[in-house]
Protein chains: 2
Amino acid sequence: MPRRIGDVARGAGVGVETVRFYEREGLVDQPLKPMRGWREYDEAALGQINQIKLAQGMGLTIADMKVLKARAKGARAQFCGAVRETVAARLDAIDAEIAALSLKREALADWLKQCRRRGKRGDCPLYAGINALAPKRSKR
Amino acid sequence: MPRRIGDVARGAGVGVETVRFYEREGLVDQPLKPMRGWREYDEAALGQINQIKLAQGMGLTIADMKVLKARAKGARAQFCGAVRETVAARLDAIDAEIAALSLKREALADWLKQCRRRGKRGDCPLYAGINALAPKRSKR
DNA sequence: CTTGCATCCGTAGCAAGGTACGGACTGCAG
DNA sequence: CTGCAGTCCGTACCTTGCTACGGATGCAAG
């Protein structure tokens, strides 16, 4: 059972600064501070950090989580709607990201293939292109 | 034929600030400034920006391009080796990124499926979980 | 009482790739 | 001559998710 922020951090496998960051973001509830001394944490903080890690593993952003946390105070149906909305939006965003990366992947793979095919023929268009852009030397 | 930075920017479809950013990064050669007046650009700047856009489309980073540009002054064989190295490294990085995103994609899709399956049964574990983390209210 | 680690708190910095701003200047049209 | 758009230049800001720093305090052991 965690008592102080360092215990929470170690228990969740994150740094103390990270816990404090989550608190600033409002994702982890910061226990009230006694007028002197250290804050007293309980299991809730640990659970909240684990939920953050879970959500992060699914690709949700901190901003997404803030929205969902705000909605969690409302009725279950509303909350579920918000969850589905957020998850669907993030799914679309991630699909778009994957599509963009796949295009890049193909372009890079093609480039490598061309490189190997040209092999020793030594007609790299990029090298020619880059040096054509500095025509000072070729003009003499 | 571009004359001033604004012409270059319009011609390349980027902002003036972006051209200046590439100049600061050393990816676009900035023509010498006359003691008074405006710099005079030629086609080279346009070509360099187009190469940047191409490389970006393949997923190369600005840092990658800096390295390659530095190598372009050397012999062709050295340059080609550096290109292959950079491209291969970036390809690996992008594959890793795609793999990570695919995991997230699956997790999100699963979550949505679970949401729909639970449908009106109203037993969302996330809602329960979040509210269990604030047990103040349930204790009464 | 002193050492020494932990916490508290605000603030600043990192990566990446730009974007924006403010004040001074330039050059051209009216 | 004046107005106005465009440049020049340095610097600050943006996003995201942390991470680090520095000075002040707290607390327990020796």
Within this structure, what is the CZ-to-C1' distance between A:R20 and D:dT19, rounded to whole angstrom? 13 Å
Can you tell me how far the CG atom of A:D64 sits from the CD atom of A:E85, to the nearest 0.5 Å? 11.0 Å
B:I5 has an atom CD1; how far is it from atom P of C:dG27, in whole Å? 16 Å
Whole Å only: how far is the CZ atom of B:R36 from the C1' atom of D:dG6? 16 Å
Starting from A:V67, can I reach A:Y22 by hopping between I/L/V/M/F/W/Y residues whose side chains sit under 4.5 Å apart? no
Do NZ/NE/NH1/NH2 and the carboxylate oxygens of A:D29 and A:K69 come within less than 4.0 Å? yes
Nearest whole Å is fine: how far is C:dC8 P from A:R3 CZ? 12 Å
If I take atom CZ from residue A:R105 and atom CD1 from residue B:I98, how far apart are they, to the nearest 0.5 angstrom? 6.5 Å
Nearest whole Å is fine: how far is D:dT7 C1' from B:K33 NZ? 8 Å
Given D:dC8, C:dT7, C:dC9, which nucleotide is nearest the side-chain atoms of B:R39? D:dC8
Kindly point out which of D:dC9, C:dT7, D:dT7 is positioned nearest to the side chain of B:W38? D:dT7
Which whole-number value in Å describes the distance from B:M35 CE to C:dG27 P? 10 Å
On a heavy-atom basis, the closest approach of A:Q30 and A:Y41 is CG-OH, 4.3 Å
Short heteroatom pairs, N/O only, protein and nucleotides 14-19 of chain C, under 3.5 Å:
residue, atom, partner, partner atom, Å
C:dG17, OP2, B:I62, N, 3.2
C:dG18, OP2, B:Y22, OH, 3.1
C:dG18, OP2, B:Q56, NE2, 2.3
C:dT19, OP2, B:T18, OG1, 2.7

How many whole angstroms separate atom CD1 of A:I49 from atom C1' of D:dC18? 13 Å
Should we count CZ of B:R90 as having more than 12 external heavy atoms under 6.0 Å? yes
Round to the nearest Å and state the distance from B:E23 atom CD to D:dC8 atom C1'. 11 Å
